[in-house]
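Beneath this line is the structure, given in structure tokens, with notes to follow.
By convention in this document, chain letters (A, B, ...) are assigned in the order of the sequence lines, proteins followed by strands, and residues within each chain are numbered from 1.
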Amino acid sequence: MTILVVEGLSKSWGGNKAIDGMTFSLEKDAMALIGPNGAGKTTLLSSIAGITLPDQGRIIFDGIDITKTKIWKRVGLGLVKTFQVVRPFVSLTVRENLELFSRVHGGSDIDSVLEVMGLSQFGNKKARELSHGNLKRLEVAKALMTNPKLLLLDEPIGGLSNNEAVGVIDALSSLKKKGTKMIIVEHRLSEIFPFVDSVVVMDKGKKIFQGTTTELFDDEKVREAYMGGETNVDS
Amino acid sequence: MNYRFEGKKWSRLWISISVLIILLVISYVVNMPYFTFSLIFALILVILALSWDFSSGVTGYVNFGLPFFVGVGAFSSGYLYYTYKLPVPFLLFISFLLGITSGFLFSIPTLRVRGPFFTLLSLLLPLLGTDFILAFWTVLGLPTIGYYNLPTLSGSLDYVLLIVTAITAVISFVLYWITQTHFGLVLRGIGDDEDAIISNGLNTFPYKLVTFSLAMGIVSLGGAIYALFTSYAGVDTFGFTFLMYPMLIAILGGRGSIAGSLPAGIIIVLLSQYLSLYIGSLTLIIFSILAILLLLFFPKGLMRSIQ
Amino acid sequence: MISSLIFSTLLYILLYGTIFGLNYALLTLGFTLVFGVSKILNLSYGALYMSTAYFIYLFAVMLSINLFVSILIAVVLTVAIGLAIFMIMTKFARDPMIFMIAMLLSALLLQYIYTYFFQGEVGLIIPGVVSNVSLNILGVSVSQSYILSASVSLILVLAVWLWIDRSSFGRKVRATSEDYETAELFGINSKMIYLLIFIISTAIVAIAAVLIVPVQVVTPTMWVEPFVVAFAISIIGGLGKLRWTIPAAFIISFSQVTILYLVPYNISDITAFGVVIIFLILLPKGIGGGKHELQV
Ligand SMILES: Nc1ncnc2c1ncn2[C@@H]1O[C@H](COP(=O)(O)OP(=O)(O)OP(=O)(O)O)[C@@H](O)[C@H]1O
Ligand SMILES: [Mg+2]
């Protein structure tokens, strides 16, 4: 069964259409959602997660219509999103950041999550003392605490060094092997493409491409959206 | 779970409780009624400060409603005494329960909103406290001037101090313990970034509801203790003294620390009590100026700011 | 007979609902303006209202200075006090919690100061700019002060609203309130805008006091009522949303006048509170609307 179906989703911010009739479904295990800055990727993920209320459209997760479901209830169903700009609980330690969610959706084992995300040695450090790279990992780790079936990742390796990025991608690969499905928004295509099964490209709120990574580079529209330029940009 | 219950975390609370015991001993040794009296007054304000710190200090929901709940405690113990002649422990306990109930009723609509909206609503309560009492009491045909000659906690001031000390110690211990549990973790998370908690699957509303109901119950208990200490409950129990001091104490003791309220409260209240001996009716003016300056220049608490 | 009673009751409710509504709108205007532009809750707002009243009493009654001169001095002094509080708080308060608490304490400080210097006397009376003789409108008596204050309120509220909505200064104000960082990039000095808006807001509340206090009495706790009114209305209208001020003010004033007519106790403030709670449950973001959303 398809775990996620999105139908005709639209959202405007004061007249400016951030997403405009998006329709897609998650067919395989991991999908990349890409597009230029301001394409509406974050707004789309937020609408799916319930952080933003869409103006129109339906979202069906695991066979249930969740368009009007509260955010925290969606997490309970197994759907969780990370933030593009990390939002750690700065006055808590790394371990406490995770322990907060130890009772959501059955909860995960804190030590194994720390292990998977490579944060074991920082467990007792205050989150405000972490480096940016580790905060990005903590952001994913928090989401993992909720035992998600579908993980929505908003630029999980944005702003990381190459080494750090490899660490995060490895962790995501092992999750994928264990059966967690995910949608990844990222600008660093070369690093995530080996790992995803399909790609959706957005531009100006609309879907302009859906297919595999190999099909992607032959697509005229996609090239136009990126203006034939360098796609490997960080933001 | 257990790692947080080991030694270091608890040491600050033990320091606070030791301070309390030392003061108790000093009070017996010096044997000056004014000192004992001031100390009791200080501890009552510390009780209020503890619950403000536990609710607002930790979560960041600034609650200006304390005087209203002090009034609820004071008035209900007055009412219960005159109507049912209940003994003192029952008066305290029922005031506590009524405080929880009214805190719960207040929290249901107001905790749905955040930041300035919540604060404004909470401020309406004490502003309207007298109106409420006058309206309801008139409807019920009860005395609006207040209740005089209430029974005291104990005939001897020393025993009163002992009882209030014990209650303060128990409340400190319980609230501190809660902040160290998973429940407390959620409260601290709310103080950092509530939306991040909700979007990661925890509904914060029940946590806030329980916290504010319990905290307001403790405030009402404090109000009842105050009424039984002065053997009077009147409209002036709604005064802003019961907001100004607790907030000042909680913040100067270190927001969210619980343990800091006790030493901070004793210093501040004893200072202002002895100050008032010399400057009389100017006390409120001088003290509010002092309070504003302390808040502006020691926002992280006396200890942390000095470090 | 009965129908004429119903008629005069309705007229009474209509007339006083309108008059109070307009006065309330004026009282709220300054409060909601500051919040809308700078997201600052001016908790000293009611205390500034009270300050004007005490200054007029001091100059016009105690020192017998010409009323109009006294009013002028009172308004200027009120603005000065408001500005001093604003500057100190914005400069030194480290976080929103400290800011709000220190602001409330400064309101209390003013209350204590007036209690001390006027020996806690309650029920002082200040003269109004028009006589206090009542007019008879179709059998309902209305004081001239009320009619004046309601008219001036209407003019001022509309003037300020149009000014913010239409003028080039208003555009700058709106730009600052939406996003002060971007506004700064476009060369708008947002600090200056905040300051000007605060001055205007304080002047508004001082003028409201000049108009309304003559039909009330001056006491050290008189700041509570305008405060509650301004809170209630700005919460119902959605804090900072100017265009909803008058409708929200009418909601409060008409509920108060109606309930005042039905219930023999003075529970105006409680009515306002109750209306706010009801609105909060139904429309958490005020009648101005907007769904509750999190920041992404
Ligand atoms: N909270 C908001 N209020 C108003 N406009 C918004 C808001 N969030 C996003 N937008 C606008 O919606 C459009 C889409 O933004 P979004 O953040 O979804 O893009 P994105 O594809 O995630 O971009 P990026 O790659 O830079 O993260 C942009 O024009 C943005 O300015
Ligand atoms: Mg984005």
Side-chain angles (χ1 to χ4, degrees), chain A residues 45-52 69-93 95-108 110-111 123-124 126-128 135 138-149 151-152 154, chain B residues 1-9 12 53-54 56-61 111-112 114 177-211 250-251 254-260 299-301 304 307:
Chain A
L45 286 199
S46 302
S47 305
I48 297 171
I51 296 166
T52 300
T69 309
K70 293 204 168 81
I71 322 170
W72 53 273
K73 284 191 181 152
R74 297 187 198 206
V75 181
L77 295 171
L79 173 68
V80 69
K81 172 188 172 292
T82 66
F83 286 99
Q84 179 172 356
V85 180
V86 292
R87 291 174 76 163
F89 305 99
V90 286
S91 67
L92 308 184
T93 64
R95 181 175 280 279
E96 286 171 332
N97 263 270
L98 303 185
E99 198 177 327
L100 253 180
F101 305 106
S102 59
R103 296 175 189 183
V104 180
H105 203 209
S108 297
I110 297 171
D111 287 311
N124 292 325
K126 281 263 159 71
R128 67 160 61 90
L135 285 176
L138 178 60
E139 190 66 28
V140 179
K142 277 193 315 195
L144 293 185
M145 284 304 295
T146 68
N147 255 336
K149 292 182 195 156
L151 193 52
L152 307 173
D154 200 349
Chain B
M1 256 299 189
N2 271 329
Y3 69 99
R4 268 185 276 104
F5 290 88
E6 285 156 16
K8 206 169 143 231
K9 283 269 180 180
R12 293 168 66 197
D53 196 25
F54 170 69
S56 299
V58 177
T59 63
Y61 276 74
L111 283 173
R112 292 157 57 96
R114 302 223 187 129
W177 172 73
I178 295 178
T179 60
Q180 301 305 311
T181 62
H182 179 263
F183 189 95
L185 203 55
V186 177
L187 297 186
R188 287 190 282 151
I190 291 174
D192 274 355
D193 188 343
E194 184 173 2
D195 289 343
I197 300 191
I198 297 173
S199 63
N200 216 20
L202 267 187
N203 180 13
T204 49
F205 188 73
Y207 290 86
K208 294 188 290 189
L209 198 57
V210 170
T211 304
I251 290 176
R255 253 176 281 180
S257 72
I258 308 292
K300 293 208 158 116
R304 282 183 231 166
Q307 284 168 4

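- For chain B, the option among V104(A), L100(A), T82(A), L79(A) with the highest count of heavy-atom pairs below 4.5 Å is L100(A).
- Remark: K142(A) is positioned above the aromatic ring of F89(A), its terminal NZ or CZ atom under 6.0 angstrom from the ring centre and at most 45 degrees off the axis.
- Your options are N97(A), L92(A), V80(A), and the one with the most heavy-atom pairs under 4.5 Å with chain B is L92(A).
- What you find for A127(A) and L138(A) is that their closest heavy atoms are CB-CD2, 4.2 Å.
- If you measure heavy-atom distances from V90(A) to chain B, the contacts under 4.5 Å come from both the backbone and the side chain.
- The residue among G201(B), G191(B), G189(B), G256(B) with the most heavy atom pairs within less than 4.5 Å of chain A is G201(B).
- For the residue pair N124(A)/T93(A), the side-chain donor-acceptor check at 3.5 Å is not satisfied.
- Note that CD1 of I51(A) is 10.5 Å distant from CD1 of I198(B), once rounded to the nearest 0.5 Å.
- Looking only at heavy-atom pairs under 4.5 Å with chain A, the residue among N203(B), I197(B), D193(B), N200(B) that has the most is N200(B).
- Between I48(A) atom CD1 and K81(A) atom NZ the span is 10.5 Å, to the nearest 0.5 Å.
- Only the side chain of T146(A) comes within less than 4.5 Å of a heavy atom in chain B; its backbone stays farther off.
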